[in-house]
Engineer: 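Provided herewith is a single structure, encoded as structure tokens, for subsequent inquiry.
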Amino acid sequence: MMTTDCFALMGSMGWMGWLMPLAVLLLLGLGIAALAKTLFTSRASREDRS
């Protein structure tokens, strides 16, 4: 039921209703990728120094 309501709202907003959730998911994915890269590269560089 919640998915149906969400799709109905997105459909009534036109193309902006489809673009905004995709943009949020893209930014979230990029943020997670940047965080993972930072964590793994800092751990690898610490091991190289010691």
Side-chain angles (χ1 to χ4, degrees):
M1 180 176 161
M2 190 170 171
T3 307
T4 309
D5 294 337
C6 184
F7 282 137
L9 178 66
M10 287 166 64
S12 68
M13 290 177 66
W15 63 271
M16 194 70 121
W18 293 96
L19 184 64
M20 284 170 53
L22 292 175
V24 169
L25 287 175
L26 178 67
L27 288 174
L28 186 64
L30 288 173
I32 291 171
L35 181 64
K37 182 182 178 204
T38 304
L39 289 174
F40 288 124
T41 55
S42 65
R43 183 179 300 161
S45 63
R46 267 189 250 130
E47 290 173 357
D48 291 341
R49 283 189 219 134
S50 57

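Here the structure is a predicted model, which is why all the values come from computation and not from measurement.
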Engineer: Between atom OG1 of Thr38 and atom CG of Leu35, what is the distance when rounded to the nearest 0.5 Å?
Structural biologist: 6.5 Å

Engineer: Report the residues that fulfil side-chain contact (heavy atoms from CB on, under 4.5 Å) with Leu9, sequence neighbours left out, ordered by chain and then residue number.
Structural biologist: Ser12, Met13

Engineer: Would you mind listing the cluster partners of Leu22? Hydrophobic ones only (ILVMFWY), side-chain contacts under 4.5 Å, chaining allowed.
Structural biologist: none

Engineer: My understanding is that a hydrophobic cluster links ILVMFWY residues whose side chain heavy atoms are under 4.5 Å apart, including indirect links. Using that, what else belongs to the cluster containing Leu30?
Structural biologist: Leu26

Engineer: Under the 4.5 Å side-chain heavy-atom rule for ILVMFWY, direct or indirect, which residues accompany Phe7?
Structural biologist: Met10, Trp18

